[in-house]
Number of protein chains: 2
Amino acid sequence: MSEETCLCIDLRGAAQNLTRRYDAALAPAGISVTQFSQLHTIQMLAQPTLQRVAEATGLDRSTLGRNVRVLEAAGMVSMSAGEDARTRVIKVTRKGRRAFQRAVPLWSGMQNEMKAQLGGERYTLLKELLSDLKYIPESVGGTS
Amino acid sequence: MSEETCLCIDLRGAAQNLTRRYDAALAPAGISVTQFSQLHTIQMLAQPTLQRVAEATGLDRSTLGRNVRVLEAAGMVSMSAGEDARTRVIKVTRKGRRAFQRAVPLWSGMQNEMKAQLGGERYTLLKELLSDLKYIPESVGGTS
DNA sequence: ATAAAAAACGTGTATATACCCCTATTTACA
DNA sequence: TGTAAATAGGGGTATATACACGTTTTTTAT
């Protein structure tokens with residue numbers, strides 16, 4: 001009798017739940033898991049434009065812009081004009097690097113906690129399944 | 001060399017992706033997947049209070065209140081004072097029921113699309129893993 | 001060289017979400 | 001019974017997110 005639950009809603013619920021847990025774990029470093037992830041991306045890309053970061057994260061450009069504004073207000077990143085006058089280049093500040101570094105072990109702790117909770121094999125499986133969900137097939141049913 | 005990705009961020013990405021797909025699928029019925037899910041919950045609970053729905057969905061009460069306000073503005077639900085003067089009771093309107101009914105086959109289509117994309121066994125596995133993620137263990141490492 | 005197309009960004013608007021604090025009402029207890 | 005505690009909601013504030021539209025700058029094609 002129990003009805004089938006919505007995969008999308010279940011995914012969102014799990015994401016919200018984990019967000020709370022990760023945010024709580026990172027709190028001592030003064031950043032959220034969103035900020036942690038974005039600082040990481042910006043550092044990796046080395047002075048990228050908003051567009052680059054948006055592509056790398058899969059987020060909408062305007063979303064990214066607003067998220068980065070939060071990081072900027074917190075003094076974690078700074079923006080400056082790029083060579084291409086249309087662009088603005090993002091740099092992680094010293095404060096941002098320090099916060100990120102402090103967050104790394106806390107984040108690792110949470111990742112390990114999740115591996116422990118799910119079990120290593122199931123953790124790997126979940127990562128794989130989530131990776132599959134990133135790809136939107138043109139037509140799942142097939143056209144022919 | 002490839003660095004480990006954040007489980008939380010991966011989950012959120014998948015959830016955002018699926019939300020887009022489900023929303024697109026439900027668009028002909030005039031509701032989003034959020035609204036679909038909430039209409040379903042409200043119908044199941046039969047004239048519940050905000051609190052009841054919040055508990056059932058695992059969302060914050062204030063979040064629920066704001067979501068329901070959107071449904072109310074769309075004419076999908078109506079609110080009226082409950083016996084307990086502190087509460088407000090939510091009812092799905094005829095319009096809401098019609099929209100929900102029209103959405104059901106579209107939603108089922110998406111669910112099947114996801115099963116097809118992942119494969120039935122992996123779909124089931126994913127549901128199981130997501131269910132596990134709903135439970136926050138007091139202490140994963142164990143205290144004793 | 002110029003006009004059209006494309007790219008990068010900002011803003012407006014809207015939903016989804018959470019946390020905190022305040023108010024009104026109900027319940028429990030002493 | 002009268003007061004303290006618990007419960008249900010509302011509103012403020014803030015982040016995360018997307019889409020549509022407009023502006024500026026660069027590229028491309030003629």
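Per chain, numbering begins at 1; letters A, B, ... match sequence-line order.
Place A:Ser62 and A:Asp84 on DNA chain C by their nearest nucleotides, and A:Asp84 ends up nearer the 5' end. Between A:Leu59 and B:Gln51, the residue anchored closer to the 5' end of DNA chain D is B:Gln51, taking for each the nucleotide with the nearest heavy atom. For the pair B:Met79 and A:Leu64, both in contact range of DNA chain D, the more 5′-proximal nearest nucleotide belongs to B:Met79. Residue order along DNA chain C, read from the 5' end via each residue's closest nucleotide, puts A:Arg69 first among B:Thr63 and A:Arg69.
If you take CD1 of A:Ile9 and P of C:dA16, they are 9 Å apart, rounded to a whole angstrom. Taking atom CG of B:Asp60 as the reference point, atom C1' of D:dA14 lies 13 Å away to the nearest angstrom. Rounded to an integer number of Å, the gap from CG of B:Asp23 to C1' of C:dA16 is 11 Å. In this structure, B:Glu83 atom CD and C:dT26 atom C1' are separated by 14 Å, rounded to whole Å. Atom CD of B:Gln16 and atom P of D:dT15 are 17 Å apart (whole Å). One interatomic measurement links the two molecules: CZ of B:Arg61 to P of D:dA6, which rounds to 16 Å at whole-angstrom precision. Distance A:Arg86 CZ to C:dA5 C1': 12 Å, rounded to the nearest Å. Atom-to-atom, CD of A:Gln38 to P of D:dT17 comes out at 7 Å; the value is rounded to the nearest Å.
Residue B:Asn67 places no side-chain N or O under 4.0 Å from the OP1 or OP2 atom of C:dT15. For the OP1/OP2 pair of C:dG10 and a distance below 4.0 Å, the side-chain nitrogens and oxygens of A:Arg88 include at least one atom meeting the criterion. Residue A:Ser32 places at least one side-chain N or O closer than 4.0 Å to OP1 or OP2 of D:dA16. Contact annotation: B:Thr49 side-chain N/O to D:dG9 OP1/OP2 distance is under 4.0 Å. Look at A:Arg20 and you'll find a side-chain N or O under 4.0 angstrom from OP1 or OP2 of C:dA18. Contact annotation: A:Arg12 side-chain N/O to D:dT17 OP1/OP2 distance is not under 4.0 Å.
Checking C:dA16, D:dC19, D:dA8 against every side-chain atom of A:Arg66, the shortest atom distance belongs to D:dC19.
When hydrophobic clusters are built by joining Ile, Leu, Val, Met, Phe, Trp and Tyr residues whose side-chain heavy atoms come closer than 4.5 Å, directly or via intermediates, B:Met44 is not grouped with B:Phe36.
At least one donor-acceptor pair under 3.5 Å links the side chain of A:Lys127 to the backbone N or O of B:Thr5.
Contact record, B:Glu4 with A:Trp107: O-CH2, 3.7 Å, taken as the closest heavy-atom pair. Residue B:Leu26 comes nearest to B:Ala103 through the heavy atom pair CD2-O, 3.7 Å, listed as atom of the first residue, atom of the second, then distance.
Checking B:Glu113 against B:Gln117 by side-chain atom types alone, no donor-acceptor pair falls below 3.5 Å.
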